[in-house]
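All remarks here apply to the structure that follows.
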2 protein chains.
Amino acid sequence: MDKTGRSKGRGTGRATLEQVAGMAGVSIMTASRALSQPQMVSEVTRVKVEQAVAELGYVPNRAARALASSQSHVIVVLVPSFSNAVFTAVLEGIHDAVAPGQYQLLIGNTYYSQAEEEKLLRTYLQSSPDGILFSSQAHSPAVAKMLEASQVPSVSMMDLSDEPGALSVGFSQFEAGMEMTRHLVKKGYRRIGFIGAQLDERTLRRADGYRAAVVEAGLADPRLELMVPEPSTIALGAELMGQMMANMPDCDAVFCCNDDLAHGAVYHCQRHGIRIPQEIAVCGFNDLPASRWMMPSLTTIDTPRYQVGFEAASLLLQVIKGQEPERKRIDLGFALRERESA
Amino acid sequence: MDKTGRSKGRGTGRATLEQVAGMAGVSIMTASRALSQPQMVSEVTRVKVEQAVAELGYVPNRAARALASSQSHVIVVLVPSFSNAVFTAVLEGIHDAVAPGQYQLLIGNTYYSQAEEEKLLRTYLQSSPDGILFSSQAHSPAVAKMLEASQVPSVSMMDLSDEPGALSVGFSQFEAGMEMTRHLVKKGYRRIGFIGAQLDERTLRRADGYRAAVVEAGLADPRLELMVPEPSTIALGAELMGQMMANMPDCDAVFCCNDDLAHGAVYHCQRHGIRIPQEIAVCGFNDLPASRWMMPSLTTIDTPRYQVGFEAASLLLQVIKGQEPERKRIDLGFALRERESA
DNA sequence: CTGAAAGCGCTTACAG
DNA sequence: CTGAAAGCGCTTACAG
């Protein structure tokens, strides 16, 4: 022990529970209880321990607690992107739902890659997480196997799962894609194109919805679908809009699979003096902040992403605590925002 | 032991190193070495252990490792916002710099609040992080004290620190604010306003730079400063632009403390038929993707945020590994992007 | 309400 | 190149 009352050697050099107990004149386990289950110790004891904690600047060692209790209080969150505003809102929702409790978030960026997801999960499983929040439903076989073996509960976010027993929070990407397209049909557009990028599962489901709606209306034409695997950006949206108009001059409306692409499409038209929606209608998906402000304002689907994160984390917390959730599949819906562009 | 070779009881139910060692016919510590320092064991041993690991689906227990080695391999990251594109880029840089190693990120959102930062740090310190990445330089006294007591190395990001010995990666917010303003002066604007929101330390430093430049040019007028504490949004930018033009009709240029506000200002003008830059010039800060696409395209300061995250994490990693960094204060600079709006 | 003992699953010097 | 022992800092039943 040196002057600060801290032992030397292998450890972290931080004050330990043992020192707290010593200073408070109680046993280690009474000190432990005074901190984690204060109602189980006497008032006097609690105060003595609290004073010792303050005096020593004691900070509990989470690794020791996790090891002894086999409860890590860690929740793993896997998102496909940090730069996509959709997922940052999801993260915010999760963060807020979890904050009151004592859970820590281990956030990983999969970059829309199943291989990356696998790598991250392999690492994060070492932390014995109490639960996992996925932004996707489709996993590689290796991930499925790890999940099965680890027995860690997980919730998938954004889309709804059809697997029995699976926990999911989101809304039907398919229905949303269909509703947006039906809106265009109802407005009288007949040559409705679809612009998609990234081609992750959500985009693909939206495209399915688009297809179902144009088939339903007898307006299907595969040549009106423009799908590329590159990440969605404003620049790409502008470029694809140019391509669409060049290749399909009779195209009278474009459904972009997200607002980033749609913004690019709108800017492209602004710069080329193409009037929206008179010459061509444009709509997007997600309702990002700029959408209601740009000119023309963008018709799009408002998605409850913050809520998705919040509710998914809440659901996971319930399951972790051993409660049976009322619903395993929580549909938060979506809303069509009709504005000037379509 | 049950059929899967896993012991029952208090633990996590996962396979342990002991079981791996048993199956491989070596001691626990040889198994440990085979995994963490493979070059220190014989080829035969290594293979046997690896086979046992695969067979049992062994996943190391990080809590146990952290406790035994007093090395958590955890890095704490504190950002003021998840929704601000600036910080998501920083996060991406950090994520990428750290990925190769074995470090895990504990990411917390301070919501621009020192009190929240304090709460988060108190919790995260329990994980005995090897290092901390801050997005701010100003800390509450309590945070300063915790940092001091914990002895955990930290790097502050975005701005440059003047404290001797402090580690920082970023660029001078002051210089950047000054350069942007000087640009407006050079372009001939004489009634240059400043619109600021959130009023975090970076914004305040940019405002200082603005002030220094208008004073330098003999153009200072406090009435041209419009500063509000609300979070920066497009909506707020539009509103503040309206206020500025109403209250200061002779204002001929506006420097918005970030691109979000500037976008709002541009949209406001578009909607009201106000010509930029003829009637009023607008510029922003950060160069978000939309800035080069909107009409008119936005003059702004391009900031190296991804690089800041990447370099800050790299610097921290160096210090954690006990290497003396070449530079403790890494200036990544910034670049003025002159476009149509100013 | 309080305590002695065992144990969580690893790693670390120290020997051989 | 390999192993027996101690220890990291907590919590968990079990007693009293």
Side-chain angles (χ1 to χ4, degrees), chain A residues 1 5-22 24-49 52-53 56 58-73 102 125-128, chain B residues 1 5-49 52-53 56-73 102 125-128:
Chain A
M1 303 275 196
R6 293 178 188 165
S7 60
K8 304 262 185 188
R10 277 228 264 153
T12 51
R14 297 198 322 217
T16 65
L17 235 203
E18 186 176 4
Q19 290 163 37
V20 170
V26 298
S27 70
I28 285 185
M29 53 169 313
T30 297
S32 170
R33 265 198 292 259
L35 295 176
S36 41
Q37 313 171 62
Q39 74 290 355
M40 296 209 63
V41 302
S42 73
E43 179 71 10
V44 195
T45 303
R46 192 174 54 67
V47 172
K48 280 191 301 186
V49 171
V53 164
L56 293 167
Y58 170 71
V59 176
N61 183 319
R62 212 165 167 115
R65 172 176 294 181
L67 186 56
S69 68
S70 60
Q71 269 237 315
S72 64
H73 283 251
Q102 291 304 310
L125 243 21
Q126 299 182 355
S127 299
S128 322
Chain B
M1 302 276 196
R6 292 176 190 168
S7 60
K8 303 265 185 187
R10 277 227 265 154
T12 53
R14 298 195 324 215
T16 66
L17 234 204
E18 185 175 7
Q19 290 164 35
V20 170
M23 181 173 281
V26 298
S27 72
I28 286 184
M29 54 170 313
T30 298
S32 170
R33 267 197 292 259
L35 295 176
S36 41
Q37 311 171 62
Q39 75 288 355
M40 296 211 60
V41 302
S42 74
E43 178 71 11
V44 196
T45 303
R46 193 175 53 66
V47 172
K48 278 191 301 187
V49 171
V53 164
L56 293 167
Y58 170 72
V59 177
N61 184 320
R62 209 161 169 122
R65 172 176 295 182
L67 185 57
S69 67
S70 58
Q71 267 238 318
S72 65
H73 283 250
Q102 292 302 310
L125 243 22
Q126 299 184 355
S127 299
S128 322

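Just so you know, these numbers come straight off a predicted model, no measurement behind them. Computed from heavy atoms alone, side chains included, the values below leave out hydrogens, waters and symmetry copies. Letters A, B, ... are given to chains in the order of the sequence lines, protein chains preceding strands, and every chain is numbered from 1.
At whole-Å resolution of the value, CZ in A:Arg65 and P in D:dC10 are 8 Å apart. A straight line from CD of A:Glu43 to C1' of C:dT2 spans 16 Å, rounded to a whole angstrom. Nucleotide D:dG3 holds its C1' atom 14 Å from the CD atom of B:Glu18, rounded to whole Å. Straight-line distance from the NE2 atom of A:His73 to the P atom of D:dC10: 15 Å, rounded to whole Å. Protein atom NZ of B:Lys48 is 8 Å distant from nucleotide atom P of D:dT2, rounded to whole Å. For the pair A:Leu67 CG and D:dG7 P, the interatomic distance rounds to 17 Å; values are reported in whole Å. Straight-line distance from the CZ atom of A:Arg14 to the C1' atom of D:dC8: 12 Å, rounded to whole Å. Atom CG in A:Leu17 sits about 19 Å away from atom P in D:dG7, given to the nearest Å.
Between B:Ser69 and the phosphate of C:dT11, there is no side-chain N or O to OP1/OP2 separation shorter than 4.0 Å. OP1 or OP2 of C:dT2 has at least one side-chain nitrogen or oxygen of A:Thr45 nearer than 4.0 Å.
Atom NE2 in A:His73 sits 10.5 Å away from atom CD in B:Gln126 (nearest 0.5 Å). Separation of atoms OG1 (B:Thr16) and CG (B:Asn61) is listed at 9.5 Å; rounding is to 0.5 Å. Note: B:Tyr58 OH to B:Glu18 CD = 11.0 Å, rounded to the nearest 0.5 Å.
Closest to the A:Asn61 side chain, of the nucleotides D:dG9, C:dT2, C:dG9, is D:dG9. For A:Ser27, taking side-chain heavy atoms from C-beta onward, the closest of the listed nucleotides C:dG9, C:dG3, C:dG7 is C:dG3.
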Under the rule of Watson-Crick or G-U wobble with both distances under 3.5 Å, where | means paired to another strand and [ ] a crossing pair, DNA chain D maps to |||.||||||||.|||

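Nearest-nucleotide positions on DNA chain D place B:Gln39 closer to the 5' end than the other of B:Gln39 and B:Ala64.
Evaluation of the salt bridge (charged side-chain N to carboxylate O under 4.0 Å, His left out) test over residues 34-47 of chain A, restricted to residues two or more places apart or in two chains, returns A:Glu43-A:Arg46, A:Arg46-A:Glu50. Contacts classified as salt bridge (charged side-chain N to carboxylate O under 4.0 Å, His left out) and involving residues 58-69 of chain A (residues at least two apart or in different chains) are not found.
Of the residues in residues 28-37 of chain A, those with a non-hydrogen atom less than 4.0 angstrom from any atom of DNA chain D are A:Ile28, A:Met29, A:Ser32.
Among residues two or more places apart in sequence or in another chain, the side-chain contact (heavy atoms from CB on, under 4.5 Å) test is passed with B:Ala52 by B:Val20, B:Met23, B:Ala24.
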Quiz: residues 26-42 of chain A side-chain donor-acceptor pairs under 3.5 angstrom, not counting sequence neighbours:
unit_1, atom_1, unit_2, atom_2, d
A:Ser27, OG, A:Thr30, N, 3.2
A:Ser27, OG, A:Thr30, OG1, 3.0
A:Ser36, OG, A:Ser32, O, 2.8
A:Ser42, OG, A:Thr45, N, 3.2
A:Ser42, OG, A:Thr45, OG1, 2.7

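Remark: the backbone N or O of A:Ser128 is paired with a side-chain donor or acceptor of A:Ser72 at under 3.5 angstrom.
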